[in-house]
Protein chains: 2
Amino acid sequence: MNLVEGKEQFIQAWGTLGSKWGINRTMAQVHALLMISPDPLSTEDIMQELNISRGNANMNVRDLIDWGLVEKVHKSGDRKEYFWAEKDIWKVTTQVAKERKKRELEPVLKVLDQLSNVKGDRNDKNVKAFVEGISGIKRMATNADKTLETMIKAEENWFFGAILKLFK
Amino acid sequence: MNLVEGKEQFIQAWGTLGSKWGINRTMAQVHALLMISPDPLSTEDIMQELNISRGNANMNVRDLIDWGLVEKVHKSGDRKEYFWAEKDIWKVTTQVAKERKKRELEPVLKVLDQLSNVKGDRNDKNVKAFVEGISGIKRMATNADKTLETMIKAEENWFFGAILKLFK
DNA sequence: CTAAACTTTCAATAATATTTGAAAGTTTAG
DNA sequence: CTAAACTTTCAAATATTATTGAAAGTTTAG
């Protein structure tokens, strides 16, 4: 397999993985492309490599920047903007975890809090099942939140080293 | 807030969370409904509570069974099938992690393995960036895999207790 | 076996999400 | 300031994914 084929396959695979996890396929592909590019790419480069429109390229790059995964780079003597992706996969992972926590977990925690004070007969098994279900989920979500927080602060090697030793 | 309102809100919230993580909104809603139902529900019950068609109810229940989150229950003297969901949120979490690992992470690991042997000039920075990018991701994915494996085997309290102590 | 009760399938339809491309907006060189 | 170079926006078009409902399939009581 040569480089061009490899790149193509990787971009495809990353896009598929992303889409299964609720991330726009194209956004994941742009990310993949930038991850394996040693130098920053322009919007034109991205459009060409992925065969997508200018608007699409622009939007997805902007989203990647919002996610903290990509940065704008300016080359001196050039008016174009170039884009560069964080390549340390550990940083990428923690950044994604952080964002998803903020965007998707925290809102649910808020709703769960409100749901804890449902009024009703404590002897009604429906009420009981509801309250117990909610509180279990809340406990879980709170722990997940704490674990994630800590992971985000931890360094890659230290974290995995410690975890793996602990769990060997 | 009374029980009916609470249920509705929870089902909505769970559906939204699911859809953001690439899980069919309705599947997540059926799951939510069953999670807070003390007794098993029939297809009819589900159709009525969620206002969905028979086919839709059937398909999503079947998917939940495939994911190992829901079981068929037979009531004696009744030909209908009833459905019951695992309510221990820890078991739910590990089961989901297990399935997603199998369905979505492992296929990517396979592709990454093949991509490691891209032919090309090692001095070409494009080749270098590609090979390094891939190997970093592979390392990460393998570690995630191992960590997940262990989590799956661990018991809820023990796991979180250990993690929290370690990371205090 | 037969018919009623129930479950599953799947082509057509509807809903949702993504993409395009041209127009509008912005920045900067001269 | 002006025009060229570049970026952003967004309504319309496309593509993807989910849902319906009726027909086909299956199971079981009698």
Side-chain angles (χ1 to χ4, degrees), chain A residues 11-34 40-67 70-84 100 103-104, chain B residues 11-34 40-67 70-84 100 103-104:
Chain A
I11 290 168
Q12 261 352 85
W14 206 241
T16 303
L17 182 65
S19 73
K20 296 211 176 153
W21 286 78
I23 287 160
N24 182 319
R25 179 195 261 56
T26 304
M27 174 168 151
Q29 288 179 339
V30 173
H31 183 228
L33 174 62
L34 291 175
L41 301 184
S42 68
T43 302
E44 304 271 348
D45 296 331
I46 294 167
M47 287 167 62
Q48 189 157 45
E49 291 267 358
L50 302 180
N51 284 298
I52 60 177
S53 70
R54 182 173 301 283
N56 198 9
N58 178 269
M59 256 179 182
N60 285 112
V61 165
R62 190 154 47 69
D63 281 352
L64 283 165
I65 293 172
D66 283 350
W67 278 67
V70 165
E71 291 173 13
K72 284 186 186 178
V73 173
H74 292 278
K75 289 191 184 176
S76 59
D78 190 341
R79 280 182 57 184
K80 264 195 214 124
E81 290 181 333
Y82 289 80
F83 304 100
W84 175 88
R100 298 205 85 154
R103 295 177 189 207
E104 294 146 16
Chain B
I11 290 168
Q12 263 349 87
W14 206 241
T16 303
L17 183 63
S19 73
K20 298 212 175 152
W21 286 79
I23 287 160
N24 181 319
R25 182 198 268 24
T26 304
M27 173 167 151
Q29 289 180 339
V30 173
H31 183 228
L33 175 63
L34 291 175
L41 302 183
S42 68
T43 302
E44 304 270 349
D45 296 332
I46 295 167
M47 287 167 63
Q48 190 158 45
E49 291 267 358
L50 302 179
N51 283 298
I52 60 175
S53 71
R54 183 172 301 284
N56 198 8
N58 178 270
M59 255 180 182
N60 285 112
V61 166
R62 190 152 50 66
D63 281 352
L64 283 166
I65 293 172
D66 283 349
W67 278 68
V70 164
E71 292 173 11
K72 284 188 186 176
V73 174
H74 292 279
K75 289 191 184 176
S76 58
D78 191 342
R79 280 179 59 182
K80 263 193 216 128
E81 290 182 332
Y82 289 80
F83 304 100
W84 175 87
R100 298 204 87 154
R103 296 178 187 205
E104 295 147 15

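Quick note on labels: first sequence line is chain A, next is B, and so on, each numbered from 1.
- The distance between atom CG of B:D63 and atom P of D:dT19, rounded to the nearest whole Å, is 11 Å.
- Enclosure of atom CD in A:Q48 is not indicated, since only 12 or fewer non-hydrogen atoms of other residues, nucleotides or ligands lie within 6.0 angstrom.
- For the OP1/OP2 pair of D:dT7 and a distance below 4.0 Å, the side-chain nitrogens and oxygens of A:N58 include no atom meeting the criterion.
- Here B:A32 pairs with B:F10, B:I11, B:W14 under the side chain to side chain contact (heavy atoms under 4.5 Å, CB included) rule; sequence neighbours left out.
- Here C:dT7 is the nucleotide among C:dT7, D:dC6, D:dT7 with the atom lying nearest to any side-chain atom of B:E81.
- Mapped onto DNA chain D by nearest heavy atom, B:A57 and A:T43 fall at different nucleotides, with A:T43 at the one closer to the 5' end.
- Nearest to the side-chain atoms of B:N60 among the listed nucleotides C:dT7, D:dA29, D:dT19 stands D:dT19.
- With rounding to whole Å, A:D78 atom CG is found 19 Å from D:dA4 atom P.
- In this entry the distance linking NZ of A:K80 with P of C:dT27 reads 19 Å, nearest Å.
- B:M27 has its CE atom 16 Å from the C1' atom of D:dT19, to the nearest Å.
- Between the NZ atom of A:K72 and the P atom of C:dT26 there is a distance of 14 Å, rounded to whole Å.
- For A:R79, the listed nucleotide lying nearest its side chain is C:dA29; candidates were C:dA4, C:dA29, C:dT8.
- Put simply, the side chain of A:V30 does not reach to within 4.5 Å of the side chain of A:L33, judged on heavy atoms.
- Screening B:Y82, B:F83, B:W84 for a side-chain contact (heavy atoms from CB on, under 4.5 Å) with B:E71, the sole residue that qualifies is B:W84.
- Nearest nucleotide to the A:M59 side chain, out of C:dT19, D:dA5, D:dT7: C:dT19.
- Legend: residues meeting side chain to side chain donor-acceptor pair (under 3.5 Å) with B:K72, ordered by chain and number and at least two apart, are B:E81.
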Practice task
Check the pair A:K80 / A:E44 against side chain to side chain contact (heavy atoms under 4.5 Å, CB included), numbers first and verdict last.
Solution key: CA-CA 10 Å; A:K80 264 195 214 124; A:E44 304 271 348; 4.0 Å; yes

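- Only at 4.0 angstrom or more do the heavy atoms of residues 14-25 of chain A sit from any atom of DNA chain D, so none qualifies.
- Taking atom NE2 of residue B:H74 and atom P of nucleotide D:dT26, one finds them 17 Å apart after rounding to whole Å.
- Remark: side-chain polar atoms of A:D45 are paired, donor with acceptor, to backbone N or O of A:S42 under 3.5 angstrom.
- Using a 4.5 Å heavy-atom threshold, the side chains of B:T43 and B:V61 count as separate.
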Completion exercise
For DNA chain C, the dot-bracket notation using Watson-Crick and G-U wobble pairs below 3.5 Å, [ ] for pseudoknot-type crossings and | for other-strand pairs, is ||||||||||||||||||||||||||||||

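- Straight-line distance from the OH atom of A:Y82 to the C1' atom of D:dC6: 11 Å, rounded to whole Å.
- For the pair A:Q29 CD and C:dT18 C1', the interatomic distance rounds to 12 Å; values are reported in whole Å.
- The base of D:dT8 does not come close enough to the side chain of A:R62 for any donor and acceptor atom to sit less than 3.5 Å apart.
- Closest non-hydrogen pair, B:A28 versus B:G18, comes out as CB-CA, 4.2 Å.
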Handout entry: side chain to side chain contact (heavy atoms under 4.5 Å, CB included) between A:Q12 and A:Q29, worked out
Key = CA-CA 7 Å; A:Q12 261 352 85; A:Q29 288 179 339; 3.7 Å; yes

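- Across residues 45-56 of chain A, A:R54, A:G55 each have a non-hydrogen atom less than 4.0 Å from an atom of DNA chain D (numbered order).
- For A:N24, the side chain to side chain contact (heavy atoms under 4.5 Å, CB included) partners at least two apart in sequence or on another chain are A:T26, A:M27, A:N60.
- Across B:A57 and B:M47, no two heavy atoms sit closer than the pair CB-CG, 3.9 Å.
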